[in-house]
Chemist: 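The structure follows.
On a predicted model such as this, the values are computed, not experimentally measured, just so you know. The first residue in the sequence is number 1, and the count goes up from there.
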Amino acid sequence: MPSSAHAERARSSDPQVARLIAKLKERGSLSAAEIGEIVGVGTRQVQNWATGHGAPANTKRLRQLLDLAYVLDLVSEVFDDEGATMWLHARNRQLDGERPLDLIAQHETDRVITLLDRLADGNF
């Protein structure tokens with residue numbers, strides 16, 4: 001009979017979260033440490049999610065991962081891969097000198113999305 005820890009791990013495994021983490025790493029050129037910093041967990045936790053062992057325990061963290069993926073989709077419509085990576089990590093005057101990734105970590109994703117929408121429309 002499996003241990004309760006093993007059963008809990010099996011219940012919480014989520015291949016969709018693993019695919020999401022892979023997308024964030026690939027499309028956003030983000031490390032597990034950066035993803036963890038954005039959603040408020042350690043690098044090891046993100047590595048576990050990336051290998052399909054577990055998933056965010058609360059919806060707030062899952063929402064941040066999904067918001068980050070959404071932002072990556074938007075930024076890829078405005079910039080090429082290198083430009084997107086630089087834009088995400090750089091301070092931005094239109095965001096009051098903040099870095100887009102920092103704003104996402106601070107739950108201010110809507111500000112980043114609004115700016116990306118404006119950039120996509122040519123209204124900057």
Chemist: Search all heavy atoms of R61 against all heavy atoms of G40 and return the closest pair with its distance.
Modeler: NH2-O, 3.2 Å

Chemist: Taking atom CD1 of I38 and atom CG of D67, what is their separation to the nearest 0.5 Å?
Modeler: 11.0 Å

Chemist: So, are K23 and D73 salt-bridged, with charged N and O less than 4.0 Å apart?
Modeler: yes

Chemist: Can you tell me how far apart CD (Q47) and CD (Q45) are? Round to the nearest 0.5 Å.
Modeler: 10.0 Å

Chemist: Answer yes or no: are there more than 12 heavy-atom neighbours, outside E98 itself, under 6.0 Å from its atom CD?
Modeler: yes

Chemist: Does any non-hydrogen side-chain atom of L30 lie less than 4.5 Å from one of L101?
Modeler: yes

Chemist: Between atom OG1 of T51 and atom NE2 of H53, what is the distance when rounded to the nearest 0.5 Å?
Modeler: 5.0 Å

Chemist: List the steps and the verdict of side chain to side chain contact (heavy atoms under 4.5 Å, CB included) for L20 and W49.
Modeler: CA-CA 9 Å; L20 179 60; W49 295 342; over 6 Å; no

Chemist: Is there a side-chain contact between T85 and F79, using heavy atoms and a 4.5 Å cut-off?
Modeler: no

Chemist: Is any side-chain heavy atom of H107 closer than 4.5 Å to one of Q64?
Modeler: yes

Chemist: If you define the side chain from C-beta out and look only at heavy atoms, does anything of V71 sit under 4.5 Å from P100?
Modeler: no

Chemist: If I take atom CG from residue D110 and atom CG from residue L115, how far apart are they, to the nearest 0.5 angstrom?
Modeler: 12.5 Å

Chemist: Surrounding CZ of R44 (heavy atoms of other residues, nucleotides or ligands, distance under 6.0 Å), is the total greater than 12?
Modeler: no

Chemist: Would the number of heavy atoms belonging to other residues, nucleotides or ligands and lying under 6.0 Å from CG of D81 be above 12?
Modeler: no

Chemist: According to side chain to side chain donor-acceptor pair (under 3.5 Å), who are the partners of E108, at least two apart in sequence or on a separate chain?
Modeler: R111

Chemist: For the side chain of D121 and the backbone of N123, is there at least one donor-acceptor N/O pair under 3.5 Å apart?
Modeler: no

Chemist: Which atom pair, heavy atoms only, marks the closest approach of A18 to G52?
Modeler: CB-N, 3.8 Å

Chemist: Quick one: are E34 and E37 in side-chain contact, heavy atoms under 4.5 Å?
Modeler: no

Chemist: Report yes if the side chains of T109 and L68 come closer than 4.5 Å at any heavy-atom pair, otherwise no.
Modeler: no

Chemist: Hey, are the side chains of L116 and W87 touching, using non-hydrogen atoms and a 4.5 Å cut-off?
Modeler: yes

Chemist: Look up atom CG in L66 and atom CG in L62, then write down how far apart they are to the nearest 0.5 Å.
Modeler: 4.5 Å

Chemist: Between the main-chain N or O of H89 and the side-chain N or O of R99, is there a donor-acceptor pair closer than 3.5 Å?
Modeler: yes

Chemist: Looking only at heavy atoms, which two atoms of L65 and P56 are closest? And how far apart?
Modeler: CD1-CG, 3.7 Å

Chemist: In this structure, are over 12 heavy atoms from other groups packed under 6.0 Å from E26 atom CD?
Modeler: no

Chemist: Mind listing the closest non-hydrogen atom pair of L72 and V75 along with its distance?
Modeler: O-CG1, 3.3 Å

Chemist: Minimum heavy-atom separation for K25 to I35, with atom names?
Modeler: CG-CD1, 3.8 Å

Chemist: Between R27 and S76, is there a side-chain heavy-atom distance shorter than 4.5 Å?
Modeler: yes

